[in-house]
2 protein chains.
Amino acid sequence: MEEKNNTISSKTYDLIKKDIIFGKLKPASKLKLDNLKNNYNASLSTIRETLNRLSSEGFVKAEEQRGFFVNSFTKGDLIEIANLRILLECHAIKLSIDNGDTNWEGNIVAARHKLHLLEKEMQKDYKKFKEEWKKYDLEFHLALVSNCRSSNLLDLHTILYDKYIRYQMAVKEYRGKESEEEHKKIFEAALNRNSKEASETLETHILKELEHTLKIFNN
Amino acid sequence: MEEKNNTISSKTYDLIKKDIIFGKLKPASKLKLDNLKNNYNASLSTIRETLNRLSSEGFVKAEEQRGFFVNSFTKGDLIEIANLRILLECHAIKLSIDNGDTNWEGNIVAARHKLHLLEKEMQKDYKKFKEEWKKYDLEFHLALVSNCRSSNLLDLHTILYDKYIRYQMAVKEYRGKESEEEHKKIFEAALNRNSKEASETLETHILKELEHTLKIFNN
DNA sequence: AAATGATATAATTTTGAAAATATATGATAT
DNA sequence: ATATCATATATTTTCAAAATTATATCATTT
């Protein structure tokens with residue numbers, strides 16, 4: 001009855017995507033098919049399938065007859081992505097709050113709690129918990145927008161979140177308290193069903209993260 | 001020096017995408033690999049590559065180990081897509097107008113002129129010119145947003161436009177005069193650099209098209 | 001020394017076939 | 001008749017190798 005990830009192709013897709021997001025596969029690096037084939041234990045055609053998907057989503061750049069590359073980091077791209085995330089996520093959170101119900105509220109409380117636990121860990125050891133934190137940060141943001149009643153919007157948002165977070169995962173320092181404070185404010189606005197405030201606080205949150213993340217271009 | 005469409009894979013991608021958009025490959029129909037292989041003269045792996053890309057973009061649904069299907073038509077999906085198109089395109093047109101320059105203005109005039117020619121043809125023979133009209137309608141809408149200075153936004157918008165237009169291409173009647181009048185208003189607002197009015201007129205335009213397109217569910 | 005061109009090497013693209021899985025068919029039992 | 005199971009067929013998934021194209025190497029010419 002399982003419906004996901006039974007094929008080598010989709011498992012490989014997840015692995016490569018993860019390695020791109022967390023920088024194990026570095027920005028602008030060439031993705032040589034033969035290397036990937038060996039590193040991920042899949043055949044060439046299977047690797048090509050996953051790279052085609054990743055290139056559609058914008059994690060990978062395909063140059064015909066010259067091969068595949070991890071998308072480069074550029075200041076302009078980061079700014080575009082952050083602003084697009086604001087457009088989608090702020091729109092979605094408003095719809096979501098306006099449709100909010102008991103179950104949705106429960107999910108937010110749970111997600112916020114788990115995120116908070118990871119935030120404490122992050123204070124202690126950023127590098128160690130980065131990957132797990134990312135999981136719960138996404139879960140929190142998804143819980144907030146999950147009631148927007150548009151699966152097209154949700155799918156798009158998740159891709160934009162991942163594209164944004166790839167940049168943030170490259171920053172060496174954790175933003176800490178400030179970020180946690182913002183999460184708290186968004187959380188409270190959502191529970192109060194104040195969609196305007198939630199949206200504005202979320203926008204501020206993403207813009208501050210952007211500012212922090214832009215540091216990767218200073219040196 | 002050419003940089004696009006030299007591979008069988010990308011040519012096949014264009015062909016299949018076109019056939020989905022114009023309904024030659026019908027909504028919800030099974031995309032049997034062996035059939036596609038014969039109809040598009042490409043090998044199985046190549047076909048799979050294109051289907052993986054199309055599934056990332058949401059034209060095709062991939063069910064693991066069960067195969068690929070053209071995405072179904074549903075009322076809810078159409079409404080989601082139209083609203084997402086409004087969100088992206090209205091945002092982009094405002095940015096574009098605010099950054100507008102001479103060259104951009106020239107492109108809009110040219111695109112509007114070509115679209116207008118096709119609109120006249122459409123009055124005479126809808127079925128015959130549908131495909132060509134779609135090309136110039138997209139060109140017009142793209143010209144309007146082209147100055148938004150976000151390639152991420154532009155790429156996303158084009159996908160949403162195509163996803164929307166697949167539904168519209170399934171409508172039997174041309175909307176005619178009303179639609180042409182709306183195009184004219186958007187055009188004039190853009191030339192007057194009135195981004196607020198352009199955005200509002202564009203939203204109305206898309207909502208009216210949505211209303212018209214929803215007819216495909218009445219029978 | 002720089003540029004050009006020929007050759008060799010490496011990489012991508014495409015194919016056809018093997019392996020794995022799902023679906024259809026038909027026989028048997030309730 | 002309906003359900004269950006086993007078998008056969010069809011389809012998807014995966015692979016490995018051939019064909020094509022790009023890149024690197026090296027000799028030759030200016």
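All values below come from the heavy atoms of this structure, side chains included, with hydrogens, waters and symmetry mates left out. Each chain gets a letter, A, B and so on, in the order the sequences are listed, and its residues count up from 1. Please read these numbers as outputs of a predicted model, since none were measured by experiment.
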Visitor: How many whole angstroms separate atom CD of A:E63 from atom P of C:dT12?
Guide: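 Result: 12 Å.
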Visitor: Check each of A:L144, A:L153, A:V145 against A:E89 using the side-chain contact (heavy atoms from CB on, under 4.5 Å) test, and report the only one that passes.
Guide: A:V145
Visitor: Just to verify, which of B:N39, B:L25, B:I21, B:V70 counts as forming a side-chain contact (heavy atoms from CB on, under 4.5 Å) with B:I16?
Guide: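 Single pass found, and it is B:L25.
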Visitor: Would you say B:E80's side chain and A:S151's backbone share a donor-acceptor pair under 3.5 angstrom?
Guide: yes
Visitor: Is any side-chain N or O of B:Q65 closer than 4.0 Å to OP1 or OP2 of C:dA22?
Guide: yes
Visitor: For B:E64 and C:dA22, what is the distance between atoms CD and P respectively, to the nearest whole Å?
Guide: 10 Å
Visitor: To the nearest Å, how far apart are A:L36 CG and C:dT12 C1'?
Guide: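 A:L36 atom CG is separated from C:dT12 atom C1' by 13 Å.
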Visitor: Please list, in numerical order, the residues of residues 37-57 of chain A that have a heavy atom closer than 4.0 Å to any atom of DNA chain C.
Guide: A:L44, A:S45, A:R48
Visitor: How are the rings of A:F73 and A:Y167 set relative to one another: parallel (under 30°), tilted (30 to 60°) or perpendicular (over 60°)?
Guide: parallel
Visitor: Among B:E209, B:E119, B:E180, B:E211, which residue meets the salt bridge (Lys or Arg N to Asp or Glu O under 4.0 Å) test with B:R175?
Guide: B:E209
Visitor: Less than 4.0 angstrom from a charged side-chain N to a carboxylate O is my criterion; do B:K124 and B:E121 meet it?
Guide: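 The answer is yes: the pair qualifies as a salt bridge.
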Visitor: Name the orientation class of the two ring planes belonging to B:H141 and B:Y161 (parallel below 30°, tilted from 30 to 60°, perpendicular beyond 60°).
Guide: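 If you compare the ring of B:H141 with that of B:Y161, the planes turn out tilted.
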Visitor: Tell me: CD1 of A:I8 to C1' of C:dA18, nearest whole Å?
Guide: 13 Å
Visitor: Using the 3.5 Å cut-off, write out each protein N or O paired with an N or O of nucleotides 6-11 of chain C and the distance between them.
Guide:
{"from": "C:dA11", "atom 1": "OP1", "to": "A:K32", "atom 2": "NZ", "distance (Å)": "3.4"}

Visitor: Go through the structure and list residues passing side chain to side chain donor-acceptor pair (under 3.5 Å) with A:S55, not counting sequence neighbours.
Guide: none
Visitor: Is D:dA16 paired to anything, Watson-Crick or G-U wobble with both distances less than 3.5 Å, and if yes, which nucleotide?
Guide: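 By the stated definition (distances under 3.5 Å), C:dT15 pairs with D:dA16.
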